[in-house]
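Position 1 is the first residue of the sequence; numbering continues from there. Counting convention: from 1, in listed order, for ligands and their atoms alike. What you see is a predicted model; the values in this text were computed from it and never measured.
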Amino acid sequence: MTKEETINQCEEYVLHTYNRFPLVIDHGEGTTVYDTDGKAYLDFMSGIGVYALGYHYPGYDEALIGQVRKVLHTSNLYYHEPLAEAAKNVVKSTGMSKVFFTNSGAEAIEGALKAARKYAYLRDGKNDHEIIAMNSSFHGRSIGALSVTGNKAYRDPFKPLMGGVVFADYNDLDSVRSCVTDKTCAIIMETVQGEGGIYPADPDFIRGVEKICRERDILLILDEIQCGMGRSGSMWAFQQFGVTPDIVTCAKALGCGVPVGAFVMNQKVAEHSLTAGDHGTTYGGNPFVCSAVNAVFRLFHEHDIVGHVQVISKYLAEKLDGLMASHHSVVAHRGMGLIRGLELDPSCVQAGKVASLALENGLMIITAGHNVLRFVPPLVITEDDVDKAVAILDEVLTEVE
Ligand SMILES: *Cc1c(COP(=O)(O)O)cnc(C)c1O
């Protein structure tokens, strides 16, 4: 197929819920993606935070191929070794107690919401519990996840959504406090807001929220689907704030390319929420995806990926500060580790335009929130990759300004 044929056939048959870049991807290698014309693109979006190890990281493919030759799927009616190992990996790394594997981030959120509702139901036998979510948050596109997503444009066409959700302002403790009632069963938030424009939690805010939760037996659900798995500079972003959630959700980089997510809970929630018959999934946590999770944890450990993030992210942060200093269109730089945003002045340049021009110049980058360039590269990028990406952006920003 030619490039045009592929694009046309996709547009003819695939429901148009995405405006795609005019690019037909063929394969990837390291931190580079190649299109069907053989043109190379430096990848600074990693399939929206999925490809944490880049493409074909040594040892990853072999682990998956080994599992393909054994068994892909068993259903959740039987035990298998990849599940035993993956569950231990996720539970140990989060410091939690029990995990449920899902097929996506949205599904991890659904499970977390169900666990919270059941926990409160077991406590007082009532069905009127409320969940506090954050404005500008993003938790996914299924009805439950959408119900706690703080973006009216995503929510409004699909109302009525799940009831009992109230929205507070992120990083505003008084706003959260004013939403708490005797019916509140959970507070859900991202440790670093991703889609909303890359806003890390303010340490006093997230600790204050944790304190409210402890005082009122409210469950703290931290969504680390985008910022987790080492991206923040620690395995889980909450570990840098000294807070302990009751439930953590993860997905995206958990399998570094295969569709797998999870919600992980502490002992208290595990003992007093979902039991046999309460929740399920046909595919979730099958041997194939668990073998990927196990390869990812092993490679992260063997090659100290998180240590690398701590070093390389400082370098990237300095370079992004440099871009801000030399371009009047860049008005803010926020983030942690390798989840960063450059906010652009909308009266001057459009982030979408910058992303399109960057792509033409060989750099894959995406946007977030209100006119923010989002940096979620593979965690294995080098100084050379950073230099190349920043040089392309420097050129593009100069051009559009
Ligand atoms: C991507 C994302 C989700 C949804 O994950 P899907 O796999 O697309 O359903 C939820 N929360 C956050 C923070 C995300 O970044």
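Within ligand 1, counting atoms from 1 as listed, the ones closer than 4.0 Å to a heavy atom of Ala106 are 4 (C), 5 (O), 6 (P), 9 (O). The atoms of ligand 1 that sit less than 4.0 Å from any heavy atom of Glu190 are 13 (C).
Taking a 6.0 Å sphere around NZ of Lys70, one finds it holds 12 or fewer heavy atoms contributed by other residues, nucleotides or ligands.
Taking only nitrogen or oxygen atoms, main chain and side chain alike, Phe138 reaches within less than 3.5 Å of ligand 1. For Gln226, a nitrogen or oxygen atom sits less than 3.5 Å from a nitrogen or oxygen atom of ligand 1, counting backbone and side chain alike.
Between Tyr121 and His129, the distance from one ring center to the other does not fall under 6.0 angstrom.
With a 6.0 Å cutoff to the six-membered ring centre and a 45° limit on the axis angle, Arg207 does not count as a cation-pi contact of Phe241.
One finds a salt bridge joining Asp156 and Lys152 here, because a Lys/Arg side-chain nitrogen approaches an Asp/Glu carboxylate oxygen to under 4.0 Å. Residues Lys268 and Asp217 are paired through a salt bridge, judged by an N-O separation under 4.0 Å between the basic side chain and the carboxylate.
Closest to atom 7 (O) of ligand 1 among all protein heavy atoms lies Gly105 N, 2.8 Å.
Side chains of Asp394 and His327: a donor-acceptor N/O pair is present below 3.5 angstrom, by distance only.
Closest heavy-atom approach to atom 12 (C) of ligand 1 among the candidates Leu254, Asp223, Val50, Val376: Asp223. The heavy atom nearest to atom 1 (C) of ligand 1, considering only Arg141, Met189, His139, Lys252, is found in Lys252.
Within the 4.0 Å cut-off (strictly below), a protein heavy atom is located near atom 5 (O) of ligand 1.
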